[in-house]
Amino acid sequence: MLQKLSSFPGVPGPVVIIVMDGYGLPKTDVGSAIAAARKPTLDKLFATCPNIRLKAHGTAVGMPSDDDMGNSEVGHNAIGAGQVYAQGAALVAGAIADGSIWQGQAWQEIVAGAKAGRGVLHFIGLFSDGNVHSHIDHLKAMVVQAKAEGVKTVRIHALLDGRDVPETSALEYVEPFEAFLAEISDPSFDARIASGGGRQVITMDRYEANWALVEAGWKTHVLGQGEQFASTAEAVKALRQRHPGTIDQDLPPFVIGANGQPVGTIEDGDAVVFYNFRGDRAIEITRAFEEADFDKFDRIRMPKVIYAGMLQYDGDLQLPKRFLVAPPAIKDTMGEWFAKSGVTQFACSETQKFGHVTYFWNGNRSGKFEGETYQEVPSDVVPFEQRPWMKSAEIADAMIAALKSGQYKTLRCNFANGDMVGHTGNFRAATLSVEAVDLALERILPVIDAMGGVALITADHGNADEMFELDKKTKQPQLNADGSFKAKTAHTLNPVPLILYDNVSGGKLGLKQTESAGLSNIAATVANLLGYEKHAKWDESLLQIR
Ligand SMILES: O=C(O)[C@@H](CO)OP(=O)(O)O
Ligand SMILES: [Mn+2]
Ligand SMILES: [Mn+2]
């Protein structure tokens, strides 16, 4: 049980946490879809409510350096756990730097497995240095080590990014990597890229939003079905020409081969490493490799392979069974301690972010704590620039109903809009997406008042706040060859807001802006609002009680 606060009994009604995914506070309004949006509710909140800035990137959320942008996993982990753990990106980099990854049983089984079979080791993963799901340097280190340990053949299945890195940067990764593979190959070692495609088109679906993506990935990587090219650089160039305006994350799948023969199908006896460290978009393909009674699509052929993930992606489901690096041991989350203290909890989002407010929130666990209720609003399966409002209205409906039920002491939701539409690089759609969130807030806030509650309105990292690649010196948008602004699809390094919406304390409650204030301070702040002391492990509360 959390201890009761002596100085404050807690607010009479529920405490609501609203995460506006991808809503950062930019240094300049140039290129900010948030600044361009008409958002009277948010404008009023910033003008009239206590509000501060929180760090949401870099070491403040467990990333290796302050050059690393934030992302949903590390952001929601930090919010939910009230603590900062070294995250996958940092843990894998560390395990490679000190060599402990090669000593681990999983890596040794992978190498032994490949050698016992046809000698083939496959790597599947996101092919960039975005450091949100993966890092290409980790892949490079594993290829070098595989050769040193006597693996004969390496085949890479490269998911093109353009979402955590500039939107048409694929060749900046592919060309040097294909050159590296050619150089490291010799008569005893043969390493090549074997297949690939845009990350939003194959393999990396999440939260079961669209299994057809995973099926398309399976056909490409495992079965080697699809259009063939002589090299990945050639595939990227040809596909871009055929699909003008298509950015890397949306490029169609391709297979490398010659004369109808793919160079790297996945066969019995091969070893496979899925080298993304982040779990949400790794779980479905992992299930396809691991589950005997898998029924999400027809695999046609299920090769018997030795499979490992870079990390374990789900601690409750123990998925995958074999993993190269132990994930952060996230403990003592607010979900767990609120449950132990009898605080009822409601969590809601649409499919694209559902796991963010449940699985990431609770430290990458899919099991519920007692007294938790989850509601998922099914996401549309469309390019989100076509529906920038996404399910904001339906999430507002669900939150309003849950609030009115009076059953929950704390409620949380995530609005995907600023992030998912921000990732499309479409400025006008991103503007609309922020306006849709504003409308949803306008509907939810009066219900919170009616229930005697308060809200903390925040974000997990920036995205819609910077929709153009800005010149580092002039801070003006970079231009494409045709004179248009170069779209930015990635997250940003900007801080995020924390707004306290409170019409019940009569001005008694405020927020402290501290030097280090970050996402990990939210859990303690929520506990105080509920009338509890923070857990000893949690970072300081930012609540001021006057
Ligand atoms: O879409 C995703 O997978 C990431 C970007 O790689 O975004 P977020 O962290 O906001 O989920
Ligand atoms: Mn996010
Ligand atoms: Mn995102």
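Note that the structure is a prediction, hence the values are computed from the model and not measured.
- With Asp250 contributing its side chain and Ile247 its backbone, the two residues share no donor-acceptor pair below 3.5 Å.
- With 3.5 Å as the limit, one finds no donor-acceptor pair spanning the side chains of Glu208 and Thr351.
- Using a 4.5 Å cut-off on side-chain heavy atoms (C-beta onward), Asp129 and Val165 make contact.
- Aromatic rings from Tyr207 and His356 are positioned such that their centres are separated by under 6.0 Å.
- A salt bridge is absent between Lys353 and Asp280: the closest approach of a Lys/Arg side-chain nitrogen to an acidic carboxylate oxygen does not fall below 4.0 angstrom.
- For Thr410 (side chain) and Val15 (main-chain N/O), a donor-acceptor pair under 3.5 Å exists by modelled atom type.
- Taking CG of Leu181 as the reference point, atom CD1 of Ile193 lies at 6.0 Å (rounded to 0.5 Å).
- The minimum heavy-atom distance between Ser516 and Lys55, with the atom names listed, is CA-NZ, 4.2 Å.
- Looking only at side-chain heavy atoms (C-beta outward), Leu470 and Thr28 come within less than 4.5 Å of each other.
- Between the Asp161 side chain and the Ser128 main chain, no donor and acceptor come within less than 3.5 Å of each other.
- At least one donor-acceptor pair closer than 3.5 Å links the side chain of Lys39 to the backbone N or O of Ile34.
- Proximity of a side-chain donor or acceptor of Ser231 to a complementary backbone N or O of Glu234 within less than 3.5 Å is detected.
- With rounding to the nearest 0.5 Å, the separation of CG in Asn131 from NE2 in His133 is 11.0 Å.
- Neither side chain, Gln249 nor Arg199, offers a donor N or O lying under 3.5 Å from an acceptor on the other.
- Side-chain contact check for Val74 versus Met63: some heavy-atom pair is nearer than 4.5 Å.
- For Phe354 and Tyr359, the distance between ring centers is not under 6.0 angstrom.
- Between Asp43 and Arg38 the shortest side-chain heavy-atom distance does not fall below 4.5 Å.
- Taking OG1 from Thr220 and CD from Glu227, the interatomic distance works out to 11.5 Å, rounded to the nearest 0.5 Å.
- By the 4.5 Å heavy-atom criterion applied to side chains, Val454 and Leu529 are counted as neighbours.
- For His491 and His423, the ring centers are positioned less than 6.0 Å apart.
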Donor-acceptor contacts, no H, no angles, side chain residues 44-52, under 3.5 Å, sequence neighbours left out:
| residue | atom | partner | partner atom | Å |
| --- | --- | --- | --- | --- |
| Thr48 | OG1 | Lys44 | O | 2.7 |
| Asn51 | ND2 | Phe46 | O | 3.1 |
| Asn51 | ND2 | Cys49 | O | 2.9 |

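- Of the possible polar contacts, none joining the Asp465 side chain to the Ala33 backbone as a donor-acceptor pair under 3.5 Å is found.
- With sequence neighbours left out, Asp449 forms a salt bridge (Lys or Arg N to Asp or Glu O under 4.0 Å) with no residue at all.
- Summarising the geometry, atom CG belonging to Leu441 is positioned 6.5 Å from atom OG1 belonging to Thr41; distances are rounded to the nearest 0.5 Å.
- The distance from the CZ atom of Arg281 to the CG atom of Leu213 is 8.5 Å, given to the nearest 0.5 Å.
- Ala416 and Asp21 get closest at one heavy-atom pair: CA-CB, 4.1 Å.
- For Phe468 and Phe427, the gap between ring centers is short of 6.0 Å.
- The 12-atom threshold is exceeded at NZ of Lys537, counting heavy atoms of other residues, nucleotides or ligands nearer than 6.0 Å.
- When every heavy atom of Asp205 is checked against every heavy atom of Asn210, the shortest pair comes out as OD2-N, 2.8 Å.
- The backbone N or O of Ser169 lies less than 3.5 Å from a partner atom in the side chain of Asp248, making a donor-acceptor pair.
- Between the side chain of Tyr275 and the backbone N or O of Gly125, at least one donor-acceptor pair lies under 3.5 Å.
- A donor-acceptor contact closer than 3.5 angstrom is absent between the side chains of Gln83 and Asp332.
- Shortest non-hydrogen contact noted between Val496 and Gly462 is CG1-N, 4.2 Å.
- In this structure, Arg278 and Arg206 have side chains that are in contact, with non-hydrogen atoms separated by less than 4.5 Å.
- Among all heavy-atom pairs drawn from Asn494 and Glu466, the shortest one is ND2-OE2, 3.0 Å.
- Using a 4.5 Å heavy-atom cutoff, the side chains of Asp539 and Val84 are in contact.
- Defined by atom type and a distance below 3.5 Å, a donor-acceptor pair is missing between the side-chain atoms of Ser32 and Asp29.
- Between Tyr313 and Met310, the closest heavy-atom pair is OH-N, 3.2 Å.
- Remark: the backbone N or O of Arg428 is paired with a side-chain donor or acceptor of Asn426 at under 3.5 angstrom.
- At distances below 3.5 Å, at least one donor-acceptor pair connects side-chain atoms of Ser349 with backbone N or O atoms of Asn414.
- Within the 4.5 Å cutoff, the side chain of Leu91 has no heavy atoms near those of the Pro327 side chain.
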